[in-house]
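Structure first, then comments.
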Amino acid sequence: MAESHSNGVETRTDIVTLTQTILSQQQQHKESTGDLTILLSSLASACKWISNVVRKAELLKVLGMTGTTNVQAENVQKLDILSNEIMINMLRGSGKTAILVSEENEEAIFIDSKLGKYCVVFDPLDGSSNIDCGVSIGTIFGIYKVNKIGNPSLADLLRPGREMVAAGYCMYGSSTVLVLTTGKEVNGYTLDPNIGEFVLTHSNIKLGPKKIYSCNEGYANTFDPAVKGYIDSLKFPSPGFQGKFTPYAARYVGSMVADVHRTLLYGGVFLYPGGKLRLLYEGFPMSMLVEAAGGKASTGRQRILDLIPDDIHARSGIFLGTASEVDEIERRYRELDASNQA
Ligand code: P6P
């Protein structure tokens, strides 16, 4: 381990940064032009900026609606609006984007140059309603390559999630962690504010083995029998080895980035039945990450990444996490459909 000693303090100097990783991935593809590298670097810069804004707002307790003023009599923008502007400006400024889709914008944003190779879909600050109580929130993003450079259209967006070339999120929690995949593996980078770099801290993430389920059971009266039966089987398991009962642990933050981050690291299953979560910039990116980490993501009847959204803000129910758990949910939906057809 390379160490340097300044004032007798041991500091590691053999760290791997996000910039190094995306540059090395670019070098691995001889036909690579470096455009995705520049785009991902711009995205990382946007996340650093949003992280700073989120932490500053929490510290100064100037959270609030547009139009209010803070202690410096500055006009305080709602954090998710400010985060949205940061994402749009940084992605437009990268010169590598043709279309942007944001949870905050009703219409897709076509970038003037039209020469960008990539479409970026994102939720700039998912879970922002939780920020007042200090719960982790985050930026979620997915990237498609345009079908034809110079002629971007909605057809570049209304396509299966499996065609995304990269996806990830940046979680603003006890630390700022950017989790990214380009399809093969999932890596996590923690922002070191002292050097302003995202440093590799979670290499090649694979879902852990923990028995955890994550669901807002406040809506249980809306769950269909497949979901109800599945959740009951976790809470009231049949006796296992030596007659021992081992119910699952329930964990639910109510912020998708936090719930998915825990699921990626520890394992378990995240369930959001019904149509609240958005497909393009929540379901697809999280499903790409979970699959690359060895898990599965399904509507209960279909792989999420095989869906084709009919609208840029289309919604879908989602079950994601440990493959065997998602398999069990799909089995219960097959049973339900068979009984309904009988
Ligand atoms: P509920 C946050 O508002 C969000 O969009 C996701 O981050 C989160 O998973 C979900 O909604 C929580 O929804 O209905 O449980 O509050």
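Model, not experiment: these values are computed from the prediction. First listed ligand is number 1; within each ligand, the first listed atom is number 1.
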> So, E197 versus Y189: side-chain donor-acceptor pair below 3.5 Å or not?
Replying inline: no
>> Taking 4.0 angstrom as the limit and counting only heavy atoms of N216, give me the atoms of ligand 1 inside it, by number and element.
In response: 1 (P), 14 (O), 15 (O)
> Just checking, any donor-acceptor pair under 3.5 angstrom between side chains of Q20 and T17?
Replying inline: yes
> Does S255 reach ligand 1 with a nitrogen or oxygen that is under 3.5 Å from one of the ligand's nitrogen or oxygen atoms?
Replying inline: no
>> I'd like the name of whichever of Y219, Y252, Y272 reaches closest to atom 15 (O) of ligand 1 through any heavy atom.
In response: Y252
>> So, taking the atom named CE in M90 and the one named CG in L43, what distance separates them when rounded to the nearest 0.5 Å?
In response: 9.0 Å
> Are E104 and E85 close enough that some pair of their side-chain heavy atoms sits under 4.5 Å apart?
Replying inline: no
> Tell me: protein heavy atom nearest atom 5 (O) of ligand 1, and distance?
Replying inline: D126 OD1, 3.4 Å
>> Is the ring pair H202/H261 parallel, tilted or perpendicular, if the boundaries are 30 and 60 degrees?
In response: perpendicular
> Is D259 near ligand 1, meaning one of its heavy atoms is under 4.0 Å from it?
Replying inline: no
>> If we ignore hydrogens and angles and just use 3.5 Å, is the side chain of Y144 paired with the main-chain N or O of R159 as donor and acceptor?
In response: yes
> Short list, please: which atoms of ligand 1 are under 4.0 Å from a heavy atom of E282?
Replying inline: 5 (O)
>> Using heavy-atom distances only, which candidate in E103, K276, R278, M256 approaches atom 16 (O) of ligand 1 most closely?
In response: K276
